[in-house]
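Okay, so here's the structure we're looking at.
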2 protein chains.
Amino acid sequence: MATIYDVSQLAGVSLATVSRVINKNTNVGEKTRQKVLVAMEKLGYRPNTFAQSLASSCSNSVGVLVSQLDGPYYGPMMAEIEAALRAENKHVIIAVGHSDANQEKDSVEFLLDRGCDALILDVEAVSDEYLIDLSKGPTTIVLINRYIEQISERCIYLENELGGYMATKHLLSLGHRHIAYISGPAKKHDAIERLVGHKRALSELNIEFDPKLCFEGDYREEGGVDGMTYLLTQRQHKPFTAVVCANDQMVSGAISVCLERGMRIPQDLSFVGYDNIPFARYVSPKLTTVNNPIHEMGKMAALWLLKNLYNKNVEVNNVFMPELIERESSIST
Amino acid sequence: MATIYDVSQLAGVSLATVSRVINKNTNVGEKTRQKVLVAMEKLGYRPNTFAQSLASSCSNSVGVLVSQLDGPYYGPMMAEIEAALRAENKHVIIAVGHSDANQEKDSVEFLLDRGCDALILDVEAVSDEYLIDLSKGPTTIVLINRYIEQISERCIYLENELGGYMATKHLLSLGHRHIAYISGPAKKHDAIERLVGHKRALSELNIEFDPKLCFEGDYREEGGVDGMTYLLTQRQHKPFTAVVCANDQMVSGAISVCLERGMRIPQDLSFVGYDNIPFARYVSPKLTTVNNPIHEMGKMAALWLLKNLYNKNVEVNNVFMPELIERESSIST
DNA sequence: CTGTTAGCGCATTCAA
DNA sequence: TTGAATGCGCTAACAG
């Protein structure tokens, strides 16, 4: 492998000059620049990134920590992050936190040890304090899907409460008054917020929230299955005409239970989901759901770094708004 | 940040000795080893990975190149790769090839420039020759989802042709004789192989393959929609009682078209998919499909590297077998 | 505008 | 078993 030294020899210039053209430093005469370029070409020269990082203490790498990699949620986010960063020749190192505090911390350490210039974090288990402390460290961090007031400018997030409100409000406006709720894990921030929104919509019409009509799911299809099975048992005592699920995967599981029991959806029961994952429009019935622009948030996190860390000139905004997508799984009473 | 030098000072030993204990070199006295360990602890010392890589020309990083990151397919694969590698303290750098030859090559260059010890490639557009050449280079590569005879020991793959055969064979055994096919992109290897399997099953019963009953989709839901729309038009002239789709996403799109037109599935039309993505068991009707152990293949690629590059003692096998999962979307005529 | 020089933090000979 | 010396390939003052 050719080194910067070989190039300088061939071009008849010094190491420093070669380094300057590599780094697009402007203080280089056009003629010498060309000589160097030719020499680099001739030798098939590629900079050694480790040497660059060691000498400059800038790795051009950013670590991305997500809860999971499978499932329909994080793929689009990762895709946007990779694309935006890659376009600026930064690379992304991935790590998975599994929604567990220790694993999340381990992953942060892991990424820090690897010399990442910055971290994009989608973490749930770790405390606000931990993240605030981390933000004071030497490595830039930006948070996705989480709002912490003290470091709000580093947070890219969706108005989850509003989305929860919209989902239930939609059913209310269709005439439903008895609405069940299958929630996400109580330890996840977004799950809590969505539920709060649900309750707010209810209270606006002076409808009391009934804990018996609420089930804590796991954000996966199985959670929807379990939740629906539970609710159907409750139904004898606590009738309901609609259910909102805290994400689309759980709707999918819940509906499968209903269909197996011979119920018709939406005639017998209306459903509203959350996230608007790609499948939502292809299942039957097509899902009414709250749009979650997760891929845009991923892109925005990357742009945020480009702007605030790598000094690129781009626009960023931190907060995203949910939007109700009406399809076929919900009808009026 | 403390350096190896600080540690050596505090421990009262030389740089070399500290380096030895970091790298678990055995030739170190137990007492001095402890002194060093204590000093490292006291200083909160973390090795600088760039310096390590520069000095040792081993980066402990592996590049993973996939076609896309969104969609239900690559998530599970990436998850397994990350987990297996992370357990051995290797990190993974991701890149996306978008099924385009130039982008795939760019990504390979990109990962190579980043000093990856090895590359895990799931590429479709690039030629066999390119990959064979690449395998002769200094950087170890392993292929997922692709079989190239000359470098077969580096290929982790599914018997796609057999899977295609099984899908159609299943319908045949249910009495279907007129079977339509929605294929994946003709430029993708696995799509071609699956189609070949379909044809083989047909020919076993002396049924002629009818190009008019075959549509080239894009492996996405939209492809299924387009394919089904086309086939339904053809149907007047070319009746059929079953459809096999080259992946589950296209089944999903295809079925949505049928339902919209008031058809009943599987009563009016049987469907068989491919891949067995998580949703397949939660949609209605539940999908009969060919299981594709994509996550196991991801894990195996990682293990292959652990064994062949990092000299770990693990078992690997290169070829995986498809398996028919019978559910509700297919019934006998 | 260009060259000289001194590290960046660590692994690895080679001696002792 | 340990230490001293050298260099991995590059960046960044500084000097000219």
With a strict under 4.0 Å distance from non-hydrogen atoms of chain A, what nucleotide opens and what nucleotide closes the contacted stretch of DNA chain C, reading 5' to 3'?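 Under 4.0 Å from chain A, the extent on DNA chain C is C:dC1 to C:dG9.
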
Going by atom types only, do [X] and [Y] share a side-chain donor-acceptor pair under 3.5 Å?
X	Y	value
A:Y74	B:D70	no
B:R114	B:S59	no
A:D190	A:N160	no
B:Y310	B:N60	no

Under 4.0 Å between any heavy atoms, over every strand shown, what does [X] touch: base, sugar-phosphate, or nothing? Just pick one.
X	value
B:S57	nothing
B:V18	nothing
B:T32	sugar-phosphate

Nearest-Å distance, [atom1] ([X]) to [atom2] ([N])?
X	N	atom1	atom2	value
B:R33	D:dT1	CZ	C1'	13 Å
A:N27	D:dC14	CG	P	16 Å
B:K31	D:dT2	NZ	P	10 Å

B:K105 side, atom NZ; B:L112 side, atom CG - distance, nearest 0.5 Å: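 Between atom NZ of B:K105 and atom CG of B:L112 there are 13.5 Å.
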
Are B:L143 and B:I148 packed together at the side-chain level, in the sense that at least one heavy-atom pair is separated by less than 4.5 angstrom?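 Yes, at least one pair of side-chain atoms sits under 4.5 Å.
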
Would you say that B:Y147 contacts B:I156 through its side chain, given a criterion of any heavy-atom pair below 4.5 Å between the two side chains?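 In short, these two side chains do not touch, never coming nearer than 4.5 Å.
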
Find every protein N or O atom lying less than 3.5 Å from an N or O atom of nucleotides 7-10 of chain D, and list the pairs.
unit_1: D:dC10; atom_1: OP1; unit_2: A:Y45; atom_2: OH; d: 2.4
unit_1: D:dC10; atom_1: OP1; unit_2: A:N48; atom_2: N; d: 3.1
unit_1: D:dC10; atom_1: OP2; unit_2: A:I4; atom_2: N; d: 2.3

With sequence neighbours excluded, tell me which residues meet side chain to side chain donor-acceptor pair (under 3.5 Å) with A:E149. none

